[in-house]
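Remarks on the structure that follows.
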Amino acid sequence: MTQAHPERPELLIVAPMTPFVMQALEHDYTTHRLWEQADRAAYLREHGAGIRGVATNGGVGLKPEIMAALPALEMVAIYGVGLDAIDLNEAARRGLSVSTTPDVLTNDVADQGLALLLAAARRISYGDRYVRAGQWAQHGEMPLTTRLGGKRAGIVGLGRVGQALARRLLALDMQVLYTDRAELPGLPYQFFPDILSLAREVDVLIVAAAGGEGTRKLVDAGVLAALGSDGLLINISRGTIVDEEALVAALQRGELGGAGLDVFAAEPTVPPALLEMDNVVLAPHAASGTRESRHEMGELVLANLKAHFAGQTLPTPVRLPEPTR
Ligand code: 8YV
């Protein structure tokens with residue numbers, strides 16, 4: 001806990017952020033570093049009553065029991081865009097302000113999607129291991145890979161990231177198709193009303209939808225079967241959207257061609273079977289993990305908190321649902 005000061009609101013930091021944000025938060029607020037506490041419940045019992053703000057990331061969010069332990073809470077600033085790890089209905093019911101960091105991370109997350117797609121199709125990580133292990137010199141060429149140009153990519157969730165990815169896929173001469181809750185006007189990509197019919201039509205399926213209950217295990221065994229033994233699955237949004245057991249089973253049986261995954265259902269745990277597979281490329285939830293994105297995300301966290309405690313309009317607020325009782 002940093003030194004309490006009457007003019008510095010008390011802020012609970014749930015997960016660490018890039019150093020410059022941490023320094024600024026520690027300068028402007030009386031900070032409580034929850035991730036460093038061995039007994040978090042006891043810490044919150046001791047300090048929860050005075051805490052007026054929370055800073056957290058998209059993946060960790062704010063667990064209901066933590067929100068409930070903060071009776072004076074006013075504002076939650078999310079270092080990310082994901083809203084799946086915070087109960088927005090409860091936030092609305094309590095009249096909280098919530099902010100995220102949209103736009104600044106869009107291109108970097110889309111780049112990671114593109115990188116994972118290229119890496120999965122062209123077996124970049126496998127090739128790297130092949131060279132390092134001396135297999136090139138020993139066995140000659142590595143096995144042939146797959147062309148992306150001319151193939152069909154299906155994007156699940158054509159939001160900001162999905163659209164940035166679509167533009168990149170066009171540069172690879174891929175055809176772009178998508179599914180979303182509804183058709184989006186004015187876009188040159190073919191719409192499918194459901195994920196299964198999209199999966200039947202495409203060579204690669206890229207998950208860029210929001211997480212949460214509405215999309216839980218949306219990519220199930222049926223979708224993977226429709227994608228088929230040459231198909232690739234890329235996920236840069238939330239691991240919960242994919243039925244991980246079904247994914248492992250499909251890969252083990254050769255019923256899916258490969259995968260490029262930045263996110264997992266129970267991070268940082270990764271299903272051990274995936275670690276053994278040469279047709280799978282793994283990343284540690286790092287899509288927004290460039291210095292530039294994290295810096296700009298941090299600036300937005302600081303700006304939103306500052307605006308809230310100055311009684312001003314938030315720069316990037318989340319529109320909460322109508323409060324329900
Ligand atoms: C970040 C994210 O990795 O935006 C999100 O919801 O999951 C990611 O951008 C995370 O919020 C920072 O740890």
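Both ligands and their constituent atoms are indexed starting at 1 by order of listing. These figures come from a predicted structure and were not determined experimentally. Start at 1 with the first residue, then count along the sequence.
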What protein heavy atom sits nearest atom 7 (O) of ligand 1, and how far away is it? His285 NE2, 2.8 Å

Backbone or side-chain N or O of Gly58 under 3.5 Å from ligand 1 N or O: yes

Using modelled atom types and a 3.5 Å cut-off, is there a donor and acceptor pairing between side-chain atoms of Thr215 and backbone atoms of Ala210? yes

Salt bridge check: are Asp84 and Arg238 linked by an N-O gap of less than 4.0 Å? yes

I need the nearest protein heavy-atom contact for atom 4 (O) of ligand 1: residue, atom name and distance, please. Val81 N, 2.7 Å

What protein heavy atom sits nearest atom 3 (O) of ligand 1, and how far off is it? Arg294 NH2, 3.1 Å

What orientation do Tyr130 and His139 show, parallel under 30°, tilted 30 to 60°, or perpendicular over 60°? tilted

Check ion pair Glu255-Arg253 (N to O, under 4.0 angstrom): yes

Atom indices of ligand 1 within 4.0 angstrom of Leu105 heavy atoms, with elements: 4 (O), 9 (O)

Distance under 4.0 Å to a non-hydrogen atom of Tyr79: what atoms of ligand 1 satisfy this? 10 (C), 11 (O), 12 (C)

Any non-hydrogen side-chain atom of Arg40 less than 4.5 Å from a side-chain atom of Trp35? yes

Using a 4.0 Å heavy-atom cut-off, which part of Arg238 comes near ligand 1: side chain, backbone, both, or neither? side chain

Verify whether the ring centers belonging to Phe192 and Tyr178 lie closer than 6.0 Å. no

Got a donor-acceptor contact below 3.5 angstrom from the Asp203 side chain to the Arg152 backbone? yes

Proximity of Val109 to ligand 1 by residue part, where a heavy atom lies under 4.0 Å: neither

Shortest heavy-atom approach to atom 1 (C) of ligand 1 - which of Ser288, Gly289, Gly82, Gly80: Ser288

